[in-house]
Amino acid sequence: MTLYRLELEALYRDGVIVNEVLLDAIRHNSWASGQLVRFCRDQNFTAEQLKVTGVGTFGGILETLHHIITCDGSYLRRLADSTLLPWADGSKPEADFDKLERSNEEARLLWEDVLSQPIDTERIIVVDDGTRACRAGIFIAQALNHANHHREQVCAILTGFGIEPPDIQAWEYAWHTARIWDLPPAETTSPATVASE
């Protein structure tokens, strides 16, 4: 049984799976951030290289990765109405790759917990120091959009260094988690005739 199936079974509540449609999107998001953190750590960049920005980027590699992961944690804390992930409080401590990897894993686990329960996407969450109200579902959309946007900025900086960024698109996640596979030639069918399993 694959890890995905084991995790999937844990998300059943009274025989009904909760938030199943979000699983791949959220899991890809956590996986892609983790892959990018590890890839950048393995490049052994100098402190100066980590501060290099690109046109239109948030900041350097480390600063942008820190921004991605702490914002994900911040959106998640509010969505979960939780005090977990204290590192996602908006402060700017010194970031390093190991801390970012740990934080990303902590967020991944909280996402799993949040997705295992019904989410009231219409619940109102007060934001911006009490000046605005926002529907809870927007936090999910923002978490996914925000991380993808800034991961691409890190990839652009890597490309500027002449380094091919890691493949962190959803297709690669699918290969990594056995959510996609090759069919034997005799089983190949047209997309229109493929039924979900």
Side-chain angles (χ1 to χ4, degrees), residues 1-38 64-91 99-152 168-181 191-192 194-197:
M1 184 174 289
T2 67
L3 178 61
Y4 180 82
R5 279 284 160 211
L6 291 172
E7 290 175 339
L8 196 60
E9 288 176 4
L11 297 178
Y12 276 89
R13 293 288 186 264
D14 299 320
V16 177
I17 193 159
V18 180
N19 304 312
E20 181 178 18
V21 71
L22 296 173
L23 291 177
D24 281 320
I26 295 295
R27 287 176 176 168
H28 165 259
N29 193 54
S30 297
W31 173 86
S33 292
Q35 291 290 103
L36 194 54
V37 166
R38 286 185 290 278
T64 303
L65 289 170
H66 177 264
H67 178 68
I68 293 166
I69 291 169
T70 56
C71 285
D72 185 60
S74 176
Y75 304 140
L76 179 54
R77 278 174 57 130
R78 289 179 276 180
L79 183 64
D81 195 19
S82 172
T83 58
L84 296 174
L85 313 181
W87 45 262
D89 65 358
S91 62
K99 285 181 186 173
L100 291 176
E101 189 171 19
R102 285 191 303 272
S103 296
N104 189 60
E105 178 60 11
E106 289 173 16
R108 184 192 72 78
L109 293 172
L110 185 54
W111 272 116
E112 291 290 329
D113 185 57
V114 167
L115 292 176
S116 72
Q117 304 165 42
I119 297 173
D120 178 3
T121 57
E122 292 302 306
R123 178 172 59 98
I124 296 171
I125 300 173
V126 177
V127 297
D128 297 339
D129 298 319
T131 62
R132 291 188 176 89
C134 182
R135 299 290 178 186
I138 296 302
F139 281 84
I140 297 169
Q142 177 62 13
L144 297 172
N145 175 266
H146 180 265
N148 279 322
H149 176 71
H150 288 297
R151 281 193 299 262
E152 285 304 313
I168 53 174
Q169 62 180 322
W171 293 121
E172 188 61 24
Y173 162 81
W175 284 111
H176 182 79
T177 58
R179 300 285 289 147
I180 190 172
W181 57 91
V194 175
S196 64
E197 294 182 63

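Just the heavy atoms: all of them, side chains too, but no hydrogens, waters or symmetry mates, feed the values below. In this text the structure is predicted, and so the values were computed from the model without any measurement.
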Is a side-chain donor or acceptor of Gln117 paired with a backbone partner of Asp113 at a separation under 3.5 angstrom? yes

Please find the pair of heavy atoms, one from Ala107 and one from Leu85, that lie closest to each other, and give the distance. N-CD2, 4.0 Å

Report the C-alpha distance between Ser33 and Arg151 in whole Å, list the side-chain angles of each, state the deciding distance to 0.1 Å, and finish with yes or no for side chain to side chain donor-acceptor pair (under 3.5 Å). CA-CA 7 Å; Ser33 292; Arg151 281 193 299 262; 2.8 Å; yes

Would you compute the distance between atom CG of Asp72 and atom CZ of Arg77 and round it to the nearest 0.5 angstrom? 12.5 Å

Flag the pair Arg108 and Glu105 as a salt bridge only when some basic side-chain nitrogen lies within less than 4.0 angstrom of an acidic carboxylate oxygen. yes

Backbone N/O of Leu144 and side chain of Asn148: donor-acceptor pair under 3.5 Å: yes

Do Trp87 and Arg102 touch side chain to side chain, with heavy atoms closer than 4.5 Å? no

Mark yes when over 12 heavy atoms from residues, nucleotides or ligands other than Trp171 sit less than 6.0 Å from its CH2; otherwise mark no. no

Could you tell me if the side chain of Arg78 sits less than 4.5 Å from the side chain of Val127, heavy atoms only? yes

Distance from Ile119 atom CD1 to Ile140 atom CD1, nearest 0.5 Å? 4.0 Å

What closest approach, in Å, do Val114 and Ala80 show between heavy atoms, and which atom pair accounts for it? CG2-CB, 3.5 Å

At what distance, to the nearest 0.5 angstrom, does OG1 of Thr70 lie from CG of Leu65? 10.5 Å

Where the side chain of Arg179 meets the backbone of Tyr173, is there a donor-acceptor pair that is under 3.5 Å apart? no

Could you pull out the closest heavy-atom pair between Ala88 and Gly73, with the gap in Å? CB-C, 3.5 Å

What one should report as the nearest heavy-atom pair of Tyr75 and Ala143 is CD1-CA, 3.6 Å

Is there a donor-acceptor contact under 3.5 Å from the side chain of Arg123 to the main chain of Leu79? yes

SG on Cys71 to NE2 on His149, rounded to 0.5 Å: 11.0 Å

Is there side-chain contact between Ile124 and Arg135, with at least one heavy-atom pair below 4.5 Å? yes

Are the side chain of His28 and the backbone of Glu172 linked by a donor-acceptor contact shorter than 3.5 Å? no

d(Ile69 CD1, Thr64 OG1) to nearest 0.5 Å is 11.0 Å

Drop me the distance from Leu76's CG to Leu84's CG, to the nearest 0.5 angstrom. 9.0 Å

Taking every heavy atom of Asn104 against every heavy atom of Ser30, the minimum-distance pair comes out as ND2-O, 2.9 Å

Parallel, tilted or perpendicular: rings of His67 and His150 (30°, 60°): perpendicular

